[in-house]
Amino acid sequence: MADESSAEGGGLSRRRLLASSVVAGGGVWLLRGMIRPGSAYADAPSPPGFPAGLAVYRRVYENWAGEIRADQLWTCAPRTPQDMLDVVNWAHGAGWTVRAQGKRHGWAPLTVADGTPAATRVVLVDTTAHLTGMSLERQDADGSALVRVQAGALLERLLAFAGTHGYGSSPHRRRGS
């Protein structure tokens with residue numbers, strides 16, 4: 001078959017071309033992974049007056065689809081609501097902008113625009129690192145409940161939390177049924 005032989009056309013067979021493409025694509029993927037969204041840069045001094053005790057670092061921002069990318073933006077991961085308030089108050093007084101980032105599932109440049117320069121006076125706040133707490137505050141007689149959820153909690157975890165308290169369905173309950 002022509003697919004197996006390169007002698008007929010004097011070039012690569014389709015199979016060899018596809019195999020070469022896979023290898024080349026894997027190489028590009030590895031190189032891209034060397035500087036990935038989780039990479040942190042600590043080569044520049046922190047923004048002046050940034051709240052003490054809260055680590056701030058340079059980090060690549062890339063949305064999940066790879067359509068929005070900005071290199072070395074200041075980022076922090078507050079551990080408490082008070083830390084978050086301290087960052088926002090600092091930013092207001094220092095003329096900086098604070099943008100929350102979760103799992104970066106947005107397309108529109110609501111967090112930052114594609115190519116935002118590192119010199120931009122913006123601090124990204126990673127809420128998913130620590131601000132993920134959930135608590136059942138109240139259960140009413142009519143079957144409703146009040147659940148308090150911090151900003152970085154993932155929807156999947158919230159649904160599982162609600163399910164374990166009898167609200168909605170829990171994947172854990174279905175397995176045992």
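Everything numeric here is computed off the predicted structure, so don't read it as measured data. We use all heavy atoms of the structure for the numbers below, so side chains are in, but hydrogens, waters and symmetry mates are not.
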Query - Chi angles and distances behind the side chain to side chain contact (heavy atoms under 4.5 Å, CB included) call for T120, V112 - result: CA-CA 10 Å; T120 303; V112 293; over 6 Å; no
Using modelled atom types and a 3.5 Å cut-off, is there a donor and acceptor pairing between side-chain atoms of [X] and backbone atoms of [Y]?
| X | Y | value |
| --- | --- | --- |
| T127 | V125 | no |
| D71 | V60 | no |
| R58 | A118 | yes |
| W90 | G49 | yes |
| W64 | H105 | yes |

Requested in this report: With sequence neighbours excluded, tell me which residues meet side chain to side chain donor-acceptor pair (under 3.5 Å) with E156.
Outcome: none
Starting at [atom1] of [X], measure out to [atom2] of [Y] and round the result to the nearest 0.5 Å.
| X | Y | atom1 | atom2 | value |
| --- | --- | --- | --- | --- |
| L136 | T164 | CG | OG1 | 9.0 Å |
| M84 | C76 | CE | SG | 7.5 Å |
| N63 | R104 | CG | CZ | 9.5 Å |

Report task. Output, in order, the C-alpha distance, side-chain angles, deciding distance and verdict of side chain to side chain contact (heavy atoms under 4.5 Å, CB included) for L154 and K103. Result -> CA-CA 9 Å; L154 302 180; K103 289 298 184 179; 3.7 Å; yes
Which pair of non-hydrogen atoms, one from [X] and one from [Y], has the smallest distance, and what is that distance?
| X | Y | result |
| --- | --- | --- |
| T128 | T132 | O-CG2, 3.5 Å |
| A129 | A77 | CB-CB, 3.8 Å |
| S144 | Y167 | O-OH, 3.5 Å |

Query raised in the report: Are F50 and W74 close enough, and set up right, to give a side chain to side chain contact (heavy atoms under 4.5 Å, CB included), and what steps lead you there?
Result: CA-CA 11 Å; F50 196 79; W74 288 110; over 6 Å; no
Report task. Given side chain to side chain contact (heavy atoms under 4.5 Å, CB included), test R59 with Q101 step by step and report yes or no. Result -> CA-CA 12 Å; R59 187 172 179 185; Q101 72 167 39; 4.1 Å; yes
Answer whether the closest heavy-atom distance between the side chains of [X] and [Y] falls below 4.5 Å.
| X | Y | result |
| --- | --- | --- |
| L54 | V87 | yes |
| P81 | L131 | yes |
| T111 | I68 | no |

Query - Partner set under salt bridge (Lys or Arg N to Asp or Glu O under 4.0 Å) for R148, not counting sequence neighbours - result: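 Here the qualifying residues are E137.
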Query raised in the report: salt bridge (Lys or Arg N to Asp or Glu O under 4.0 Å) with D140: which residues, sequence neighbours excluded?
Result: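 If we apply the salt bridge (Lys or Arg N to Asp or Glu O under 4.0 Å) test to D140, skipping adjacent residues, the hits are R138.
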**Report entry** Result of checking V122, L73, T116 against Y61 for side-chain contact (heavy atoms from CB on, under 4.5 Å)
**Finding:** L73
Query - Over 12 non-hydrogen atoms of neighbours within 6.0 angstrom of CZ in R121 - result: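 Yes.
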Query raised in the report: Does one hydrophobic cluster hold both L155 and F161, with members joined at side-chain heavy-atom distances below 4.5 Å?
Result: yes
